[in-house]
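Following this message is one structure expressed as structure tokens.
Order of the sequence lines sets the chain letters (A, B, ...), proteins ahead of strands, with each chain counted from 1.
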Amino acid sequence: MSGPSPNPRRPEGTYDVLPVPHGSQPEERLAGWLALESAVRSVCARYGYQEIRPPLFEHTSLFAKSTGEVTDIVEKEMFTVPSRGEGDSYTFRPEITPGAIRLLIENRLFQQKAFWKVWYWGPNFRYERPQKGRYRQFVQMGVEAVGSHDPLLDVETMAVYAEILRLVGVMKFDVRINTMGCPACRGGYREALRAFLEPHLASYCGNCRRRFERNVLRVLDCKVPEDARRNESAPAIADQVCAGCRAHFEAVQAGLRSVGLAFAVDKKIVRGLDYYTRTVYEFASPLLGAQNALVGGGRYDTLVASMGGPDVGAVGFAAGAERVLLAMRESGRPAAGLPPPDFFAVAADEAARGEIFLAAQTMRAAGLSGDLDYERRSVKAQMRAANKTGARYAVFIGAEELARRAVKIKRMEGGDEGVMSLDEAIRVIKGETR
RNA sequence: GUACCCGUAGCUCAGCCUGGUUAGAGCACCUGGUUGUGGCCCAGGGUGUCGCGGGUUCAAAUCCCGUCGGGUACCCCA
């Protein structure tokens with residue numbers, strides 16, 4: 001009654017990564033992913049960060065307690081599934097920081113040493129309406145330096161990210177930083193902000209009135225032009241933090257200047273997650289659309305202890321890989337693809353098909369990369385295929401070569417040919433001869 | 001959840017406003033251009049439920065309604 005069943009479709013807000021150029025979405029091209037991931041890997045290694053791989057889902061309570069009960073993420077964006085017969089439900093991670101800290105604590109890594117620098121890369125899940133640079137399954141990479149209050153680490157994490165961006169050719173980005181104070185001084189600021197807002201509260205947007213009740217700081221984040229303009233004259237937390245926080249913030253700024261990383265202090269930055277203290281920062285790209293945040297990060301000096309770990313400071317960031325891919329495309333530097341294969345094996349006639357397959361196997365076993373035709377196509381068609389793969393050499397076996405127990409190889413660029421034993425051919429293709 | 005835009009070949013799109021010959025272009029793909037050899041060139045090949053369903057009409061890719069899917073933006077963030 002309902003006709004043919006519709007073709008299978010990917011869920012809303014997801015994308016496929018393909019081995020070939022397709023359409024115009026950069027996040028769908030494998031080459032960009034490989035370039036970005038290898039840049040991340042090499043920079044993190046150079047800075048002494050070690051990779052960790054927490055699971056894709058955690059107990060829901062982990063996020064409720066660390067990310068924050070009243071954040072948008074926890075309130076309406078989590079993919080949560082019941083855990084059969086057990087108390088807590090499971091949630092596919094909307095961010096990785098809570099899992100990373102959980103991993104350090106649960107595995108008693110702080111018993112081994114008090115200070116850890118780790119990085120991660122992998123998919124996250126948030127139930128939102130997708131748009132440019134925003135997906136329901138998206139990849140984040142991030143670093144966490146856990147176990148120190150040193151402001152130099154705030155600087156270092158930013159330097160790590162700046163270096164990753166430059167390595168993939170994204171040279172244009174704006175760095176903005178702010179300080180959120182610490183538990184000791186934030187309470188006083190909240191009161192001051194409430195006192196400022198209260199008289200004009202009626203003229204603020206509905207969202208802001210809600211924020212006023214639940215998380216005043218977020219009022220400063222409002223994008224409604226009128227509200228934003230009024231907020232200009234609001235007291236800034238950076239001006240009211242305690243001496244310790246002020247000294248920390250100044251040390252961070254001095255550090256950024258010393259490493260030559262341009263930045264601007266933006267008193268309106270208020271990160272959306274509950275756990276941030278002191279330094280918060282964002283890198284934004286002028287090349288992207290509305291979702292222009294390339295990274296969000298900052299210090300979270302109370303989170304580790306609140307999760308049952310030692311009372312230590314920590315700082316880190318999380319970056320959206322799809323947005324970096326977008327920025328890479330806008331920066332006009334195409335990602336280099338994989339290196340071309342070494343050979344394409346051609347059966348010059350039907351009788352040689354078995355032999356050509358064995359020759360290919362031998363070459364692969366010797367460390368060469370290459371392919372052959374599986375459709376009994378003409379030599380011409382096989383050569384077209386060879387050309388299309390970009391192979392450096394074509395390797396022929398036909399009646400002549402069978403008779404001489406040899407192969408003929410042809411250098412695709414230039415076209416010169418030669419007949420020799422397979423072992424010799426392997427040496428030539430490897431560049432070990434001449 | 002709301003608003004606006006879009007859905008024709010593998011890809012990018014034209015055709016739609018002003019319904020009417022066999023639904024097109026470029027790229028991609030396939031075959032051939034004589035003996036076992038690519039690219040360039042030449043000759044040929046359409047590979048398509050015009051998203052889906054219904055309506056109007058003698059006639060619908062084209063007009064109307066609905067629906068599904070996608071995109072962008074608001075919100076929020078990576």
query = Which nucleotide in the list B:rG36, B:rG38, B:rU72 gets nearest to the side chain of A:M383?
reply =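 Selected nucleotide: B:rG38.
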
task = By nearest nucleotide on RNA chain B, pick out whichever of A:E77 and A:G398 is the more 5' one.
result =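 With A:E77 and A:G398 compared, the 5'-side residue is A:G398.
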
query = Checking A:D342 side chain against A:L368 main chain: does a donor-acceptor pair fall under 3.5 Å?
reply =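 It does not hold such a pair.
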
task = Figure out the OH/P separation between A:Y275 and B:rC77, and round it to whole Å.
result =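 From A:Y275 OH to B:rC77 P: 12 Å.
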
ask   = Hey, which of A:V259, A:V295, A:V252 is the one that makes side-chain contact (heavy atoms from CB on, under 4.5 Å) with A:M158?
value =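 Of all the options given, the one that passes is A:V252.
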
query = Pick the nucleotide of RNA chain B nearest each of A:P11 and A:G297; which residue has the one closer to the 5' end?
reply =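 Whichever sits nearer the 5' end wins; that is A:P11.
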
request  = State whether A:Y127 and A:R136 meet the cation-pi test: NZ (Lys) or CZ (Arg) under 6.0 Å from the six-membered ring centroid, and within 45° of the perpendicular axis.
outcome  =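 Output yes; distance and angle both within limits.
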
inquiry  = Measuring only the P atom in each nucleotide, how far is B:rG51 from B:rG7? A whole number of Å is fine.
reply    =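 To the nearest whole Å, 8 Å.
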
task = Classify the nucleic acid contact of A:A290 as base, sugar-phosphate or nothing, counting any heavy atom under 4.0 Å across all strands shown.
result =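 Base contact.
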
message = Can you check the distance between B:rG19 and B:rA59, where both ends of the measurement are the C1' atom (answer in whole Å)?
response =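 Going atom to atom, C1' in each nucleotide, I get 8 Å.
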
query = If you measure from the C1' atom in B:rU57 to the same atom in B:rC64, how many Å do you get, rounded?
reply =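 To the nearest whole Å, 12 Å.
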
message = Heavy atoms only, 4.0 Å cut-off, all strands: where does A:E350 land among base, sugar-phosphate and nothing?
response =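 Since no nucleic acid heavy atom lies under 4.0 Å of A:E350, the category is nothing.
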
query = Quick one: the side chain of A:Q291 and the base of B:rA73, do they pair up donor-acceptor inside 3.5 Å?
reply =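 Check fails, no donor-acceptor contact within cut-off.
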
query = Taking atom P of B:rU37 as reference, at what distance in whole Å does atom CZ of A:R411 sit?
reply =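 Roughly 20 Å, once rounded to whole Å.
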
inquiry  = With rounding to the closest Å, how many angstrom separate the P atoms on B:rC63 and B:rU21?
reply    =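 Looking at atom P only, B:rC63 and B:rU21 are 16 Å apart.
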
task = Round to the nearest Å and state the distance from A:E282 atom CD to B:rC77 atom P.
result =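 Taking CD of A:E282 and P of B:rC77, I get 9 Å after rounding.
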
Minimum-distance nucleotide (side-chain atoms of A:Q131 versus B:rG38, B:rU72, B:rA78) =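 Closest of the options to the side chain of A:Q131: B:rU72.
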
query = Which part of the nucleic acid does A:L294 contact within heavy-atom distance under 4.0 Å: base, sugar-phosphate only, or nothing?
reply =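 If one applies the 4.0 Å heavy-atom cut-off, A:L294 turns out to touch the sugar-phosphate alone, with no base involved.
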
key: Residue pair A:E37 / A:M141, side-chain heavy-atom distance below 4.5 Å   =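 Side-chain contact under 4.5 Å: no.
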
message = B:rG36, OP1 or OP2 - any side-chain N/O from A:S378 closer than 4.0 Å?
response =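 No, outside the criterion.
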
ask   = So what's B:rU34 paired with, Watson-Crick or G-U wobble, going by both distances under 3.5 Å?
value =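 B:rU34 is unpaired by these criteria.
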
query = Relative to the ring of A:F92, is the ring of A:F125 parallel (under 30°), tilted (30 to 60°) or perpendicular (over 60°)?
reply =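 A:F125 vs A:F92 ring planes: perpendicular.
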
query = Is there a stack between A:F396 and B:rG36, judged by ring centres under 5.5 Å and planes under 30°?
reply =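 Stacking is absent between B:rG36 and A:F396, given that the ring centres and planes do not meet under 5.5 Å and under 30°.
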
query = Counting any heavy atom closer than 4.0 Å, what does A:G142 reach on the DNA or RNA strands: base, sugar-phosphate only, or nothing?
reply =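 Nothing: the residue A:G142, judged by heavy atoms under 4.0 Å, touches no strand.
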
query = What is the nucleic acid contact for A:F317, judged by heavy atoms within less than 4.0 Å: base, sugar-phosphate only, or nothing?
reply =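 No contact.
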
Distance in angstrom units between A:M412 CE and B:rU37 C1', rounded =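 Result: 8 Å.
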
request  = Would you please confirm or rule out a distance under 4.0 Å between OP1 or OP2 of B:rG39 and any side-chain N or O of A:R384?
outcome  =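 Yes, such a contact exists.
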
Integer angstrom distance from the C1' of B:rU8 to that of B:rC4 =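 Each nucleotide's C1' atom is 23 Å from the other's.
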
request  = Taking atom P in both B:rU22 and B:rA61, compute the distance separating them and give it to the nearest angstrom.
outcome  =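 Their P atoms lie roughly 12 Å apart.
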
inquiry  = Given A:T97, which partner from the list A:Q140, A:R102, A:E144 fulfils the side chain to side chain donor-acceptor pair (under 3.5 Å) test?
reply    =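 The residue from A:Q140, A:R102, A:E144 that satisfies side chain to side chain donor-acceptor pair (under 3.5 Å) with A:T97 turns out to be A:E144.
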
ask   = NA contact type, A:E400, heavy-atom cut-off 4.0 Å: base, sugar-phosphate, or nothing?
value =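 If one applies the 4.0 Å heavy-atom cut-off, A:E400 turns out to touch a base.
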
request  = Check whether any side-chain N or O of A:K132 sits under 4.0 Å from OP1 or OP2 of B:rC74, and answer yes or no.
outcome  =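 Negative; the distance criterion is not met.
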
inquiry  = If I pick the C1' atom on B:rA14 and the same atom on B:rG24, what distance separates them, to the nearest angstrom?
reply    =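 Comparing C1' positions in B:rG24 and B:rA14 gives a spacing of 7 Å.
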
task = Determine the contact category for A:Q382: base if any of its heavy atoms lies under 4.0 Å from a base atom, sugar-phosphate if only primed atoms, P, OP1 or OP2 are that close, otherwise nothing.
result =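 If one applies the 4.0 Å heavy-atom cut-off, A:Q382 turns out to touch nothing in the nucleic acid.
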
task = Can you check whether any acceptor in the base of B:rU37 is under 3.5 Å from a donor in the side chain of A:K408, or vice versa?
result =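 Flag set: donor-acceptor pair detected.
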
query = Are A:R377 and B:rU31 close enough that a side-chain N or O sits under 4.0 Å from OP1 or OP2?
reply =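 For B:rU31, OP1/OP2 do have a side-chain N/O of A:R377 under 4.0 Å.
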
task = Please assess A:N178 against A:D266 for the test side chain to side chain contact (heavy atoms under 4.5 Å, CB included), listing each intermediate value before the final yes or no.
result = CA-CA 6 Å; A:N178 192 22; A:D266 183 344; 5.6 Å; no

key: Atom-pair distance (NZ on A:K380; P on B:rC41), nearest Å   =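 Taking NZ of A:K380 and P of B:rC41, I get 13 Å after rounding.
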
task = Could you give the distance separating B:rU31 and B:rG46 at their P atoms, to the nearest angstrom?
result =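 Their P atoms lie roughly 16 Å apart.
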
inquiry  = Classify the ring geometry of A:H59 against A:Y90: parallel below 30°, tilted from 30° to 60°, perpendicular beyond 60°.
reply    =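 The arrangement is tilted - the two ring planes meet at 30° to 60°.
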
ask   = Reckon A:E95 touches a base, only the sugar-phosphate, or nothing at all at heavy-atom distances under 4.0 Å?
value =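 Result for A:E95 = nothing.
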
query = Rounding to a whole Å, what distance do you find between A:R126:CZ and B:rC75:P?
reply =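 Value for this atom pair: 17 Å.
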
